[in-house]
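What's counted below: heavy atoms across the whole structure, side chains too, no hydrogens, waters or symmetry copies.
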Amino acid sequence: MENNHISGAEALLKSLICEGVDTIFGYPGGQIISVYDKLYDYTDQLHHILVRHEQGAIHAAQGYARTTGRPGVVIVTSGPGATNVITGLADALMDNTPIVVISGQVASDFLGTDAFQEADVVAMTQQATKWAIQIRRPEEIPAAVARAFYIASTGRPGPVVLDIAKDAQVGMMDWSHERCRAIRSYDPCPKINPQDIDEVAQLLETAKKPMIIAGHGVMIANAEKSLLEVAEKGNIPVATTLLGLSTIPSDHPLNKGMVGMHGNLGPNSASLEADLIIGVGLRFDDRVVGDFNAYAPNARIVHVDIESAELNRNIKTFKAIHADADDFFKALSEKIKPTNNPEWLAKFDTRDKFETEKVINPILKPAEGPLHMGEVIRAVADAAPKNAICVTDVGQNQMFAARYFRYHADKSFLSSGGLGTMGFGLPAAMGAKIGAPDRTVCLFVGDGGLQMTIQELGTIMAYNIGVKIILLNNDYLGNVRQWQELFFNSRFSQTPLVNPDFNKIAEAYGIRTGKVTRREDLADAIADMLSDDKAYLLNAAIGSDEMIFPMIAAGTSYEKIMISKNENYFPLK
């Protein structure tokens with residue numbers, strides 16, 4: 001007969017198993033050692049990944065969560081162990097990623113005494129979580145775990161923190177676990193109002209220039225199929241946000257590209273002319289709309305989001321609908337009628353052709369000069385399996401990857417969006433590969449971001465995590481450099497980098513490497529990288545003056561779009 005009179009530490013692990021957890025990312029320490037001691041007995045049920053830094057743990061958990069759709073779990077010790085995950089908590093909150101962080105804490109009697117490695121974790125993390133609680137008694141653990149997973153994974157997903165005092169870990173209790181099904185005053189599943197759907201269907205029927213913008217919420221809701229059904233039934237052009245990439249295949253004729261600061265000319269220009277914009281699962285944040293007061297001047301905006309606080313927050317909407325993205329599209333699909341707006345769709349095609357000639361072809365088909373980030377990324381995309389996952393760090397590598405990778409399967413793009421966290425890429429790619437071991441994971445990272453979490457190469461070595469690392473190496477903090485050149489008179493203050501030999505570093509961790517400086521060697525280098533499922537670092541030498549275009553300067557209207565350093569595009573002319 002199973003003994004359920006157990007310690008709080010063991011109760012924690014058994015409760016995690018009851019919540020379906022099979023993978024944990026973490027780092028042990030003094031105030032969590034009791035949990036790690038009990039973990040020794042559960043290695044057949046809980047696969048623990050020992051990272052090399054706590055920030056690596058939470059970014060890896062984010063990659064795992066966004067690939068699998070299940071909460072990522074992190075265990076760290078008190079003090080610096082807990083504070084080292086705060087960046088990841090803020091990142092997960094902004095990008096709606098379900099994470100459960102379990103931190104050790106000093107014993108209850110020592111709270112408030114400035115004990116060794118004591119930190120007020122709950123106070124520090126409340127602004128970066130959906131919920132944070134301190135646990136001081138062992139019998140509180142099962143219910144807190146159940147509540148944490150429910151809160152993290154329902155409604156608008158996000159991170160939670162359980163800060164568990166030492167005495168709660170070592171104290172004894174009679175364990176049982178019941179999953180949380182509801183919390184009073186917390187309603188994560190808003191119901192669709194049929195009248196709202198009827199009104200949107202009528203708006204679509206009369207609109208001459210409609211557009212759907214699909215955000216990350218579409219991906220979170222697993223609404224890719226229902227989005228496509230609505231788009232195809234209504235013959236409606238679809239654009240995506242950065243984190244909405246891969247909600248519709250890249251080669252689908254109704255996919256008109258990405259909106260935002262470095263988005264495509266077609267959908268960005270369309271925002272100035274559209275008479276109806278249906279934005280689903282996005283925040284309409286500054287990187288999407290530019291000048292809030294000048295955005296979509298002719299459009300009725302329908303905003304659909306599962307988080308009611310986002311509605312009418314940044315953009316005044318014609319119709320605000322509090323709903324799950326999949327529920328919305330499924331209900332709308334039953335109501336809409338086919339439309340025929342060939343002139344409207346042709347405008348996207350015309351602008352796409354112009355962008356291809358002016359911006360894309362010079363990147364993908366250069367006559368000479370150093371390698372471009374875009375051509376490296378497109379070459380990898382063309383050679384990789386169709387269901388490959390594109391993970392990025394933050395900076396030019398991120399924007400080039402967003403624009404030049406090709407997406408054919410759901411949940412194929414993973415990046416730090418709202419917080420823009422450099423150092424996110426490498427650990428997130430590890431977590432993505434662990435969450436989807438049957439998919440090729442390609443990480444595009446700059447030389448600046450890689451060095452922020454480069455120690456996680458040790459985790460890749462220890463667990464044979466087959467991440468393909470494509471280092472787009474330009475010896476600069478490239479995104480900041482671009483802004484300095486465009487807006488700060490080319491005063492390159494603290495952006496040039498003096499870099500190590502990245503290949504030697506990776507080889508020291510037992511990772512195969514390649515280096516490419518010449519265009520004619522690129523295909524062979526990529527083929528070598530993709531020849532097996534083991535980790536690989538491909539160091540691609542990029543020109544230091546590389547820039548990412550199109551670009552809309554921060555806070556400005558879409559009426560002027562930079563397509564090069566010296567040329568602008570005026571959509572309304």
Side-chain angles (χ1 to χ4, degrees), residues 8-9 12-13 15-16 19 21 23-40 42 46-65 71-93 97-107 110-111 115-126 128-136 141 144-145 148-149 152 158-170 421 423-424 426-428 430-431 434 452-453 455-456 458-459 462-463:
L12 171 66
L13 299 177
S15 291
L16 291 178
E19 293 292 334
V21 175
T23 302
I24 296 169
F25 303 90
Y27 205 96
Q31 301 302 338
I32 199 69
I33 197 169
S34 299
V35 171
Y36 274 89
D37 178 64
K38 287 300 178 183
L39 183 62
Y40 197 83
Y42 286 86
L46 294 170
H47 180 45
H48 183 277
I49 303 295
L50 176 63
V51 295
R52 298 307 184 256
H53 190 282
E54 290 90 353
Q55 185 175 349
I58 193 161
H59 292 329
Q62 288 176 270
Y64 177 90
V73 179
V74 176
I75 298 181
V76 294
T77 193
S78 61
T83 59
N84 280 343
V85 303
I86 291 177
T87 296
L89 289 171
D91 194 288
L93 185 68
T97 307
I99 299 290
V100 176
V101 170
I102 297 155
S103 60
Q105 183 55 273
V106 301
F110 290 95
L111 290 169
F116 179 66
Q117 292 191 334
E118 180 190 0
D120 192 344
V121 173
V122 171
M124 290 180 179
T125 61
Q126 277 181 330
T129 56
K130 285 184 74 176
W131 185 54
I133 189 173
Q134 187 174 87
I135 299 168
R136 301 185 184 185
I141 290 175
V145 170
F149 276 81
V160 301
V161 168
L162 303 179
D163 188 47
I164 308 180
K166 182 78 168 183
D167 42 333
Q169 299 172 41
V170 300
T421 305
F424 172 89
L426 183 61
M430 297 183 331
I434 291 168
M452 288 193 169
T453 48
Q455 68 275 359
E456 298 308 329
T459 309
Y463 297 95

Exercise for review: With sequence neighbours excluded, tell me which residues meet side chain to side chain donor-acceptor pair (under 3.5 Å) with Q134.
Suggested key: R136, D163

Do any side-chain atoms of residues 28-38 form donor-acceptor pairs under 3.5 angstrom with protein atoms, and if so which ones, sequence neighbours left out?
unit_1	atom_1	unit_2	atom_2	d
Y36	OH	Y27	N	3.0
Y36	OH	H48	NE2	2.8
Y36	OH	I75	O	3.3

**Study point:** Results of side chain to side chain contact (heavy atoms under 4.5 Å, CB included) for A115 - residues two or more places apart only
**Key:** V106, F110, T113, E118

Exercise for review: Go through the structure and list residues passing side chain to side chain donor-acceptor pair (under 3.5 Å) with E19, not counting sequence neighbours.
Suggested key: H177, R179

Exercise for review: Check whether any side-chain heavy atom of I24 sits under 4.5 Å from a side-chain heavy atom of Y64, and report yes or no.
Suggested key: no

Exercise for review: Locate the shortest heavy-atom distance separating A152 from V100; write the atom from each residue and the value.
Suggested key: CB-CG2, 4.2 Å

Check your understanding: With sequence neighbours excluded, what pairs up with Y463 under the side chain to side chain donor-acceptor pair (under 3.5 Å) test?
Key -> none

Point to revise | Any residue meeting side chain to side chain contact (heavy atoms under 4.5 Å, CB included) with F116, in chain and number order, not counting sequence neighbours | key: none

Point to revise | Considering all heavy atoms, the nearest P427-E456 contact | key: CB-CG, 4.3 Å

Check your understanding: Sequence neighbours excluded, which residues qualify as side chain to side chain contact (heavy atoms under 4.5 Å, CB included) partners of A92?
Key -> Q62, T97, I99, P159

Check your understanding: Under the side chain to side chain contact (heavy atoms under 4.5 Å, CB included) test, which residues partner A132, sequence neighbours left out?
Key -> V122, T125, Q126, T129, V161

Check your understanding: Taking only residues two or more places apart in sequence, or in another chain, which ones meet Q169 in a side chain to side chain donor-acceptor pair (under 3.5 Å)?
Key -> none

Practice item. Measure the CG-CG distance between L46 and L13 for me, rounded to the nearest 0.5 Å. Key: 6.0 Å

